[in-house]
Amino acid sequence: MRFFQPLSQFGFGRILAETRTHYPLSPGLISIEKPESLEGYSAHFDSALVPNYSFYDSSEIKLLWNLPDAKKEKILHEANQLSLQPFYPSYASEKLRIEDYDTYLKKFLSLPRIGEQSFYLPIDQFESEKIDEILETDCSLIILNDLSKLFNNQRKLAEKMSYLRTRLSPDIGLYLPGSVSPAFYSFLTYIGIDFFDNSIAYQVSKNGYFLTENGVFPIDNHPPCYCSQCSSTPKNIFRHNEMVLKNALARVNFALRNGSLRSIVEQDIHRNITFAATLRHLDTKFGELLRKRTPIIASTKVKCLGEESLNRPVVSEFRERVKERFRPHPSSRIIILLPCSARKPYSMSRSHIMFRNAIRKAGSSIFSMLSELIVTSPLSLVPRELENIYPARFYDIPVAGSWSEKEIEITSNLLSNVLSRYQEDSIIINHLHGSGYEDIIERVREKSSVEVIDTSYKAPPTSHQSLQELSEALVNTKERFSLNQTEKVISNTKKIQAIADFQYGPETGKRIFHGKIKLKGRYPRSPQIFRDDKHIATMHASTGYLSLFPAYTEEISKISLNKLDFGADYVSGSNIYAPGCLKADTHILPEDEIFVLYENDVIATARALVSGEDMNKMTSGKVAEIKKKKR
Amino acid sequence: MKINPDFANTIREIRDKALGERSHSRKVVHWVEDHRLRSGPGKAIVFILPTKGCSWALSKSGGCSICGYIYDNPQEPNFENMMKTFKEKLHDSIEDGENYSLKLFTSGSFLDISEIPEEIQKEILEEASQYREITEIILESRPEYVTKKIMQMIKESIDIEKIEIAIGLESANDDILKKSINKGFFWEDFEKATARIFDVGAKVKAYLLFKPPFVSEYDSIKDILQSVSKLNELGVDTISINAISIHRGTYLSKMFEKNQYRTPWLWSLLHLCKEIKSKYPDLRLICDVVAGGTQRGAHNCGDCDKQMTDSLKQFVLSQNLEDLNNEFKCSCKTEWKSFLLQEKITIS
């Protein structure tokens, strides 16, 4: 059994907790000697820092974990040992090293209690097959002793870390020893590092330097600090620097917990050229790996500040799902393309209320055959049905009106793709205005033969003239379809079906939300969804996503993309552990609502802690928390 | 195999390049210095004899990764001149009423007959035996040259009690000898040589190397402590801990130039002396810091280097632990401690 288990996941960043006590330890700071106060540290090295005769018999340095006394009885290991057989460091020539590392591997495997040992993994061994045997053991902590060599090589850093993180099971912790500026904790956590140490505080303090979260300053010229260490006389620089490290990590920890890690990463990397380049490289080349591990059910602001945001995992996951899972309602005939608004959800904004009033002038029966698509950056395209879910309701972008070539390309591709799913005789009403939008529509026109009517070409979309044009265009097109207009579609049903498709997989919405659908309760309450007067699901006001009652999920469990095959017909307790998970859908993202199946019967719904792919890789620890069991 | 062929080849290449650039110097270098004798504080007369140099360094194995003494030796020795100067200088250096230790260094092995022919060895020893002020004679050699035959020759030339054979063991750990120093012999060879020396009644002095390449300072401290214990068990009563100084034209120097090696801290030496002397009070512990306080020798932060090397010197002469009990209060002590652990975790 491994010492750690992931409690939540965000990109390659995780919160790791002690397996037995569920006490969170990472992302954490390791003190290189026993600190005066353990507060804020995840662990410390327990030994005389300088070897002496009384100590050298016990020979190994121990890493002691900082767990509350009350939980000490339950914990798996008290210590993680640093197993150090001397071997050639990475700067020795390759020839010398290879044989030597093999000896180390052999010695390591022969050690007692491997779960308590820390394993050394130099960068040139990341791909090696030789370490397979070690990864199959209980080995819980890996020390990346020379990773910092790659801190000036963005391509390799991105490659190596994404390779390593996908190869390792998420319950293995990674420790990056040595001096690391606290400004980069967020980025390094995001690419998968779990533990840092406080050695930079020792080094910097000696040289009379002063750490801040923005970098290092000389002691006689630094930004003022009013912490208690700095106010005392004499100033305690070491304590101050130590505190800065703790605070920096606490900030990362907090961001991980509430899902805003990516936002602070995007802010922080602007301090280092290599890391900024690494993130871009990761997003473009290895974006899928991050996407698979980034929750899409969340309720934090998505601040899209830089170019990085266009490829942000949650953003590209949204685009991908719109492309793969969004199916327009079959009665849709008229497609209106609308601009986005600063206020979210869009329909609460002034401009969208004006659009709605203009539409209504064409008669309220038009809504049944209407499909509204909001064109925006960086999400590209938000169908009106999905405007309430994360991230559509939560993103924010500094608008300057100009679109980059990349944005235009991505948006027009997605738009063409989605438009091709409508009936062939559908009509597009383009109520967009501005040169960026024009470019997008131009490209869409090139690709398809569908008729496009411009209603906001001459004046801004909220101008009287444009709104008038919109109403008129709608009246005209309505007449064309009035003959084959059949059923009246309730927009709430359309919306819930679209969300279900987006959340559980294509076609699921139609299968479960048919018949008489009614919503009870309004924002800010979470509306309850009734089908033929039975409460079958709830829509969460905070995220916009659905929860289903297990009894009704059978109807869609065959085609849904979030199944977990469980090894027994009953889940005891409130968690699902890795050994009980036989197979999980690879589409599962952390935080997703998943269906727990036993031989094709849904026995419970649960909240995923890690991605489906990682569930399959883990050998111990929690993979999901039960939400509701089927009675 | 007592060497790693790949490692040896690399050293050989560096050695060949540097050997081409060395210059002739057949001068007999000599000086007198303060020294700790068995009987107490005294003086040492040091001779560096110009021979052709260490056979190990000249061999195809390239010699030790850390040693550049070979570059000071002349290619072809002139023994006639050498003997003449030796005799004159020795005579001039000795003053009445003082006890002397005579150190005969060749930057190689004194007992190696391809460096100094047997008859010259004999002549030197017989010359030295004429001065009763000389109470100790220190000869340096690698263990393989300490043969029964040579030991017998020495016994015939001089009072064997005065003889101390100094062997550069460097470490009692065969891994370190092979992997980081390329020493070419193992602990067992040293053990056997020691037995041959004790058999005839001479004494042994062992040199230990503090912080060989590739070994973290932390592990090197451990290694020295371990080596001292092993030597003590063997009956060696004089141990000299040599902190590395970086010689040009060596493998280590190349590492140093690439910023892959930091010379040891004086704090570590201080710690080692304290630790060893309190555990083995009867041991004669010598710790001469070469190039102390410079980047290429053992150093601290720069502020406390002078004070600390002085204390170490004082301690070596007096063998009194109190000389080390000065309160050193330099703030670089915490940096040193964190350096130890960090280096251990990142490099080893």
Side-chain angles (χ1 to χ4, degrees), chain A residues 30-33 44-45 47-57 59-61 63 82 84-100 103-104 118 120 122 143-149 175-179 197-208 237-238, chain B residues 4-10 173 175-176 178-180 212-226 228-229 251 254-255 258-261 265 267-268 270-272 274-276 278-280 300-301 330-348:
Chain A
I30 293 175
S31 175
I32 60 170
E33 73 181 326
H44 64 90
F45 285 107
S47 66
L49 268 184
V50 192
N52 54 36
Y53 272 115
S54 55
F55 160 71
Y56 99 127
D57 284 334
S59 77
E60 284 305 342
I61 297 186
L63 200 52
L82 220 59
L84 276 175
Q85 285 73 29
F87 56 86
Y88 282 120
S90 54
Y91 50 74
S93 81
E94 200 175 324
K95 266 185 178 171
L96 293 179
R97 228 168 49 223
I98 283 176
E99 192 190 334
D100 204 49
T103 329
Y104 168 68
S118 317
Y120 276 80
I143 301 181
L144 303 176
N145 53 321
D146 58 354
L147 185 73
S148 44
K149 275 211 304 199
Y175 167 28
L176 172 66
S179 289
D197 64 35
N198 64 355
S199 50
I200 191 174
Y202 285 84
Q203 281 182 342
V204 164
S205 312
K206 150 65 198 157
N207 296 325
I237 308 174
F238 177 77
Chain B
N4 179 334
D6 290 322
F7 190 34
N9 286 340
T10 322
N173 181 334
D175 256 1
I176 291 182
K178 178 177 164 181
K179 289 180 180 176
S180 76
F214 307 132
V215 182
S216 67
E217 190 150 340
Y218 185 99
D219 286 319
S220 192
I221 293 177
K222 262 167 80 170
D223 176 59
I224 297 271
L225 295 178
Q226 219 156 357
V228 168
S229 294
Y251 185 90
K254 299 273 176 240
M255 278 175 64
K258 284 185 221 152
N259 239 338
Q260 293 166 341
Y261 181 87
W265 292 73
W267 286 111
S268 304
L270 192 77
H271 170 79
L272 277 172
K274 279 186 188 173
E275 193 63 28
I276 294 169
S278 27
K279 171 120 179 180
Y280 303 108
N300 282 350
C301 62
C330 189
S331 61
C332 67
K333 192 167 184 178
T334 57
E335 196 194 1
W336 162 65
K337 283 186 179 179
S338 71
F339 175 88
L340 283 184
L341 200 79
Q342 197 193 329
E343 190 200 38
K344 176 184 166 71
I345 295 171
T346 47
I347 85 160
S348 86

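Per chain, numbering begins at 1; letters A, B, ... match sequence-line order.
- Residue B:W267 does not touch chain A at all, counting heavy-atom pairs closer than 4.5 Å.
- Among all heavy-atom pairs drawn from B:Q342 and A:G178, the shortest one is NE2-CA, 3.5 Å.
- Residue A:I143 touches chain B through its side chain alone, counting heavy-atom pairs closer than 4.5 Å.
- Atoms CG and CZ, on A:D100 and B:F214 in that order, are 9.5 Å from each other to the nearest 0.5 Å.
- Rounding to the nearest 0.5 Å places OG of A:S199 at 12.5 Å from CG of B:L340.
- Put simply, the residue from A:I200, A:N198, A:D197, A:I32 that forms a side chain to side chain contact (heavy atoms under 4.5 Å, CB included) with B:S338 is A:I32.
- Proximity to chain B is absent for every atom of A:S148, based on heavy atoms less than 4.5 angstrom apart.
- With a threshold of 4.5 angstrom between heavy atoms, B:Y251 approaches chain A through side-chain atoms but not through N, CA, C or O.
- Heavy-atom distances place the side chain of A:F45, and not its backbone, under 4.5 Å from chain B.
- In this structure, the portion of B:K279 lying under 4.5 Å from any heavy atom of chain A is its side chain and not its backbone.
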